[in-house]
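Treat the numbers as computed from the prediction; the structure is a model and nothing was measured.
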Amino acid sequence: MDENTTAYQSLDAALAEIERILEQMLTLARLSATDLNLDRDALQRTLEQLQRKIDRIADAIEGR
C-alpha cells in the first residue's frame, strides 16, 4: 500500500468514527425530547464527552 492509500484509509476511518458519534448524539437528543424522566445533567455530560471525542479526532486529522 502506498502512503496516499494509507492516509485515505485512516481519514476514512476517522470520519466514520465521527459519524458514529454524531449518530449517538442524535439518538440521545431524540431520547431527551421524548423521555420526561431522563437525567438531563447526565445527558449533558455525555453529550459533552462525545463532543470532546469528536474534537480529538478532528485535531488528529488536522495534525497530519
Side-chain angles (χ1 to χ4, degrees):
M1 243 184 277
D2 67 16
E3 186 176 316
N4 288 334
T5 301
T6 303
Y8 173 78
Q9 288 175 340
S10 181
L11 180 59
D12 190 51
L15 293 174
E17 179 65 10
I18 289 173
E19 181 178 16
R20 187 189 66 75
I21 293 168
L22 289 171
E23 287 172 0
Q24 266 186 295
M25 292 173 87
L26 180 59
T27 299
L28 291 172
R30 286 181 176 145
L31 179 64
S32 174
T34 60
D35 187 347
L36 299 177
N37 295 320
L38 190 68
D39 181 346
R40 300 265 189 268
D41 290 331
L43 175 65
Q44 184 62 38
R45 286 190 301 275
T46 301
L47 289 171
E48 290 169 0
Q49 178 185 16
L50 292 170
Q51 179 61 53
R52 285 191 298 273
K53 281 185 179 181
I54 290 174
D55 291 344
R56 283 192 300 272
I57 294 167
D59 288 345
I61 290 171
E62 285 182 347
R64 291 187 180 164

If you round to the nearest 0.5 Å, how far is [atom2] of [Y] from [atom1] of [X]?
| X | Y | atom1 | atom2 | result |
| --- | --- | --- | --- | --- |
| Leu22 | Lys53 | CG | NZ | 12.0 Å |
| Asp55 | Glu48 | CG | CD | 11.5 Å |
| Glu17 | Ile57 | CD | CD1 | 4.5 Å |
| Met25 | Leu28 | CE | CG | 8.0 Å |
| Ile54 | Ile21 | CD1 | CD1 | 5.0 Å |

Kindly indicate whether the side chain of [X], heavy atoms from C-beta on, has any atom under 4.5 Å from the side chain of [Y].
| X | Y | value |
| --- | --- | --- |
| Arg45 | Gln49 | no |
| Leu43 | Leu31 | no |
| Asp59 | Glu62 | yes |

| said: Tell me whether Thr27 contacts the main-chain N or O of Glu23 through its side chain, where contact means a donor paired with an acceptor under 3.5 Å. | reply: yes
| request: Give a yes or no on whether the backbone of Thr6 and the side-chain of Ser10 come within a donor-acceptor separation of less than 3.5 Å. | output: no
| Is the number of heavy atoms from other residues, nucleotides or ligands under 6.0 Å of Arg30 CZ greater than 12? | no
| message | Would you say Gln24 and Arg20 are linked by a side-chain donor-acceptor pair, where the criterion is simply a distance under 3.5 Å? | response | yes
